[in-house]
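Working notes, structure below.
Treat the numbers as computed from the prediction; the structure is a model and nothing was measured. Chain letters run A, B, ... following the sequence lines, proteins first, then strands; residues in each count from 1.
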Amino acid sequence: MEVLARSLISAFPVISGVPLWAVTLLIMVVVAAILLVFFLTFGGLGSYVLRKVAGDIQVRIGPNRVGPYGILQFLADGAKLILKEDIIPAKADRFLFVLAPYLVFIGSFSAFVVVPFGVGLIAADLNIGVYYVMAVTSLVVIGILMAGWASNNKWALLGGMRAVAQIVSYEIPVAMALLPAVLIAGSLSLQDIVRSQGGLVGIFGWNLFHNPFTFFSFFLYLTAGQAETNQTPFDLPEAESELVSGYNVEYSGIRYAFFFLAEFGDMFVVAALASACFLGGWHVPFFRAEALPSLWGNLLSLGAFLAKAFGLVLVMMWVRWTLPRLRVDQLMRMSWKYLVPLTFVNLLGVSLWLLVFKGKGIPQLIASIFTG
Amino acid sequence: MEPQALFDAVKAKFGDAALELQVTGFRPAFVVVAPASIADIARFLRDDPAMRFDSLMCLSGVDYKDRFAVACHLYSMRHRHAIGLKAYLPKENPLLPSMDAVWPAANFMERETYDLFGIVFEGSKDLRRILLPEDWEGHPLRKDYKYPDFYHGIKV
Amino acid sequence: MGLREYINDIVEAVVTTVKGMRITARYGIDAREEVTQQYPEERRETDERFRGFLLNDIARCTSCTMCVKVCPVDCISLEAVRGADKKMVLVSYDINIMRCMYCGLCVEVCPPKSLVHTGGYEKALFNRGDFTLHFVHEDAAGIKARVAKQVAEAAAKAAEAAKAAEAAKPEPEKKA
Amino acid sequence: MKPNVPVEALHTQEMLINMGPQHPSTHGVLRVILRTDGEVVVNARPDVGYLHRGLEKIGERVTYAQFMPFTDRLDYLAAMNCNCAWAWAVENLAGIEVPERAEYIRVIVCELNRISSHLIAFGSFTADMGAFTPFLYSIREREKVNDLFEAACGNRLTYNYARVGGVSADLPQGFLEKTKEFLDYFEPKIDEYNNLISYNKIFVHRLANVAAISADNAVAYGLTGPNLRGSGVSFDLRRDEPYSVYPKLEFDVCVGTGERGVLGDCFDRYMVRINEMRQSVRILRQAVAQIPEGPVLAKVPRVFKPAAGEVYFRSECPRGETGFYIISDGTGNPSRLKIRAGSFVTMNIFETVTRGLMIADIVAVIGSFDIILPEIDR
């Protein structure tokens, strides 16, 4: 940010009097605003696409009344949620009840900071990118537990408890599944991870094809990611058919909108991390986006990245409308007895592979054979 | 197994507790017994290898205007035959031993009969009203039942 | 929980999930499968045997009260007065379609087949009173008055005819 | 490492939850009073009676013909079966001879209704387990059956089609062709359901070994229909106590086989219903082929006064036996009318079966019993 700020000051002498920190702060606010707008529109469009995909799968049409083909449905939903009276139950713990949605929203929105949208398009290229995301998304757990406890409703309490058990125990497989990409790139920063996948022509640079273990850990990550975002095979915290509606049963109006958007935010974060770490982030398959002049390079890479992320979001929605729901103990068993061991073995496999082949994946090995 | 043979077997074992056999116009036939010994006869009908009535199809209360009755329809899965077991009860305080020890299926049906007729089943595991609210007065299926005007201020 | 079962569990989970996803994908892709109708625009045409709201053609109705007796929930109320020519004149015929359960027993039992089911099933009204369909549009008092007058006239004509017959009858006796 | 705080000192309290009359997956206004220790259910006591309309009291006020529309409201997902059950019971009481064609029509509509009722059972059960999509597919198939019923009797839910002595109207033109069309369309769909959800690993894990009921326990608790056959007892009224024209139609009785867990668990009950749909298709094909020509309503006097007597007649409904115990004293109205409903007796075993399960299993058990509340509360 400082580099950007200094270049801005030198470009516009008129504001040279303004202290450096004020300009950087201004830039940060502008970037945050852009990300927030992207977050809200993704939340809205995501809900529209979710209902359209659900409709398509379930031999029905889905929203088609508001706007052409129902595109503006999410604006109508948003307006409705804002206008609706948000009720706070009588004996609820008011402070926690009000705080919970903000915490959940912050937890899922602040992960956008390290998402590598394009060649230069990243809010803050933290060198502890992946580690930061892991830390921030666990804020969501506290928010949900707070919501469950504060709404003084037995169903919400059960939903909150389930959420804690689920997200905490799926943090480990999510982290372990991302580590292969970190090992290959040698750095936690997401931009470095994406840059490390640009080597070869076409899609063979992607970590997905680096070696069989990373290929396998991509799918492990998606499964654990599905659990992180409370999607259907794991949507126990808000299981409509058992817990009426889980932790957000007492929420209505704008507070419910926070939960709703946070869910889509999580979904995008998971999809973004998966595409960044395994599908070559903003790399365009047969084209070197960095070589282009900065504006076009950024736009093209942004497009590629969003396409991959939205594709993965669609896959998550597709899985969401096919599978039934697990029971709580099966959920725990799956995490601790299946995902955690598999991700550890996977991690071991990747590190052994890197040791043996000195950091080269199968595509690189084949390429090195040809280039002699 | 023919109702008559069945009735004779019960008569042989329980003597005058087995009062009569209602056959004409009754499908399936009814063995009418004294109310006091209905539980023992029921256990006999279930455990006797020749009859083996292991399934209680339906237990219902009946209001014959001058007296009540509890009619049970039994069926044997093994021998594929059915019989009725009936006990007449006085109208004042109808009382008879419960059969949910013999057939666990009887519990809900006894509770319903108690709820709608007021017939008390002694020794029942859990005799409470099942269909009507706990504090409802009167037993609706009795012929002499008068509709209450209000229930908790709501017009009935 | 041997290793073989462990692997078998995973493989079976993946295989059955993929099989299920293949089916939802097939429905997801081909859009022709949509079966839902856009209700207000595309209305479902009801079968000709459909039992909708009742309609009574009072011209053919002989007010025989068969439908009133057969209705399990007594939602038909009929009032008729005996006209001059001994036939019943319908004063009022109401069907309370809030109580009616559209079982069709009345239509079946109606001798002149004047009571029929229409295909209508949409009716939303603001107050409960309107849910009673009145099939006789004149007001009841008017009809009664008219019929009473007719009966009175008929009675009066009958009385004169009787007097005239009285007067005519004595002459023949004198001649004989 | 011994916990320094003895476990007993940790005062944990049991939670009393009302899985109240209004709950997304109790298939109607059933209230279950759950006493749970965390997620594990200590005691689940069903509290029924929220939908009690006093059908048996009404039965004593209306005539035999007038009670027919009330039997639709007994089990509204299988109204045809209840209609025909009432008609058979009264014919059994009064000894009326029903024409052959009417019996075939009754079997056809009853089996069609069994398919549509099992479809609802399958759809709502998978929706309770979290997979919402199969519910929509089952509703799509059920709409086709509803169109057939609308063509035959004029209504899509409360049919009131059977009459004492036959059926109210003959089948319309082209009904049999449309039925054949539906059967050809529907049969492959059952395999599709099995691929989509029945053998799905998560679905199987949710249902196998849950609430297993042994065979003699099922008989002792009076379970009937698919719930009884799920426990391995091969008893089907259509074959063992044959009525109507069922002896002329051959089909086999599907029985739980403990395929994916213990015999008699939720999965078995579910699979019995799926296989029963196949058998119903088989019966329908034969009935549509064999149906003779002829009248559809026997001569029954309008003022119908059966001879005094008591009859208990039961017929195989999708949710177990529906039995009518009619006591007639020679007048036009039945003097006592007891309705024995399959779901009512099934609820009897609910409390003993659900001890120690989890909350999610309560939903599974309710779904696997396929109960319906109007039949329980009458």
Side-chain angles (χ1 to χ4, degrees), chain A residues 50-51 53-62 148-149 152-166 223 226-227 230-246 249 317-334 337-338, chain D residues 13-20 22-27 32 34-36 38-41 123-141 143 189 195-210 266 357-364 366-367:
Chain A
L50 177 74
R51 288 165 63 180
V53 161
D56 225 4
I57 284 181
Q58 294 169 354
V59 290
R60 54 188 173 84
I61 292 172
W149 165 258
N152 184 25
N153 175 325
K154 289 184 177 124
W155 297 118
L157 183 64
L158 279 173
M161 292 300 164
R162 284 185 179 184
V164 170
Q166 172 178 333
T223 320
Q226 190 91 352
N230 301 343
Q231 296 270 325
T232 277
F234 311 94
D235 73 339
L236 279 97
E238 14 129 338
E240 321 70 55
S241 64
E242 289 147 24
L243 301 181
V244 182
S245 170
V249 73
M317 288 182 188
W318 175 20
V319 166
R320 177 184 179 135
W321 294 113
T322 319
L323 296 178
R325 184 181 305 122
L326 278 165
R327 210 177 42 199
V328 179
D329 56 332
Q330 291 162 354
L331 181 80
M332 290 298 117
R333 197 161 59 86
M334 178 168 173
K337 284 193 180 159
Y338 288 88
Chain D
Q13 203 183 3
E14 278 173 4
M15 205 150 63
L16 184 69
I17 306 178
N18 256 325
M19 209 168 183
Q22 204 264 336
H23 185 271
S25 60
T26 51
H27 292 229
V32 179
L34 280 177
R35 180 174 300 285
T36 68
E39 284 269 345
V40 176
V41 170
S124 62
F125 192 22
T126 51
D128 291 349
M129 291 298 112
F132 194 65
T133 313
F135 181 71
L136 270 303
Y137 298 158
S138 68
I139 291 290
R140 173 192 56 193
E141 264 74 276
E143 278 311 306
K189 286 285 187 253
N195 285 338
L196 175 63
I197 192 77
S198 301
Y199 291 109
N200 183 300
K201 189 68 181 161
I202 300 173
F203 194 72
V204 165
H205 259 298
R206 279 292 298 276
L207 298 182
N209 308 325
V210 171
C266 285
L357 296 180
M358 308 190 75
I359 290 183
D361 295 334
I362 298 282
V363 169
I366 291 176

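In this structure, chain A has a heavy atom under 4.5 Å from the backbone of D/Ala127, while its side chain stays farther away. With a 4.5 Å cut-off on non-hydrogen atoms, D/Met129 touches chain A through its backbone and its side chain both. A/Arg60 touches chain D through its side chain: at least one heavy atom from C-beta onward sits under 4.5 Å away, while N, CA, C and O do not. Looking at D/Thr126, there are no atoms closer than 4.5 Å to chain A (heavy atoms on both sides), in backbone or side chain. Both the backbone and the side chain of D/Phe203 come within contact range of chain A, each with at least one heavy atom under 4.5 Å from a heavy atom of that chain. Looking at D/Val210, only its side chain comes within 4.5 Å of chain A, counting heavy atoms on both sides. Contacts of D/Ile197 with chain A are made by side-chain atoms alone, with heavy-atom separations under 4.5 Å and no backbone atom involved. For chain D, no part of A/Leu236 is nearby; none of its heavy atoms comes within less than 4.5 Å.
D/Gly130 and A/Thr232 make their closest contact through O-CG2, 4.0 Å (heavy atoms, listed as atom of the first residue, atom of the second, distance).
Separation of atoms OG1 (A/Thr322) and CG (D/Leu196) is listed at 7.5 Å; rounding is to 0.5 Å. For the atom pair D/Arg140 CZ and A/Gln58 CD, the distance stands at 11.5 Å (nearest 0.5 Å). For the atom pair CG of A/Asp329 and NE2 of D/His205, the computed distance is 10.5 Å after rounding to the nearest 0.5 Å. Summarising the geometry, atom NZ belonging to A/Lys154 is positioned 5.5 Å from atom CG belonging to D/Leu16; distances are rounded to the nearest 0.5 Å. Between atom CE of residue A/Met334 and atom CD1 of residue D/Ile202 there is a gap of 7.0 Å, rounded to the nearest 0.5 Å.
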Q: Evaluate the criterion side-chain contact (heavy atoms from CB on, under 4.5 Å) for residue pair A/Trp155 and D/Asn18; output intermediate values, then yes/no.
A: CA-CA 10 Å; A/Trp155 297 118; D/Asn18 256 325; over 6 Å; no
With side-chain contact (heavy atoms from CB on, under 4.5 Å) as the test, would you mind laying out the steps for A/Leu158 and D/Ile17 before giving the verdict? CA-CA 11 Å; A/Leu158 279 173; D/Ile17 306 178; 3.6 Å; yes
message: I'd like to know whether D/Asp361 forms a side-chain contact (heavy atoms from CB on, under 4.5 Å) with A/Arg327, so could you lay out the CA-CA distance, the side-chain angles of the two residues, the decisive distance to 0.1 Å, and finally the verdict.
response: CA-CA 8 Å; D/Asp361 295 334; A/Arg327 210 177 42 199; 2.9 Å; yes
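With chain A as partner, the option from D/Ala364, D/Gly38, D/Pro134, D/Pro24 having the largest number of non-hydrogen pairs under 4.5 angstrom is D/Pro24.
Listed for the D/Glu39 side chain is no donor-acceptor partner under 3.5 Å among the backbone atoms of A/Val328.
Within a 6.0 Å sphere centred on CH2 of A/Trp321, heavy atoms belonging to other residues, nucleotides or ligands number more than 12. Within 6.0 Å of CD in D/Glu14 there are more than 12 heavy atoms belonging to other residues, nucleotides or ligands.
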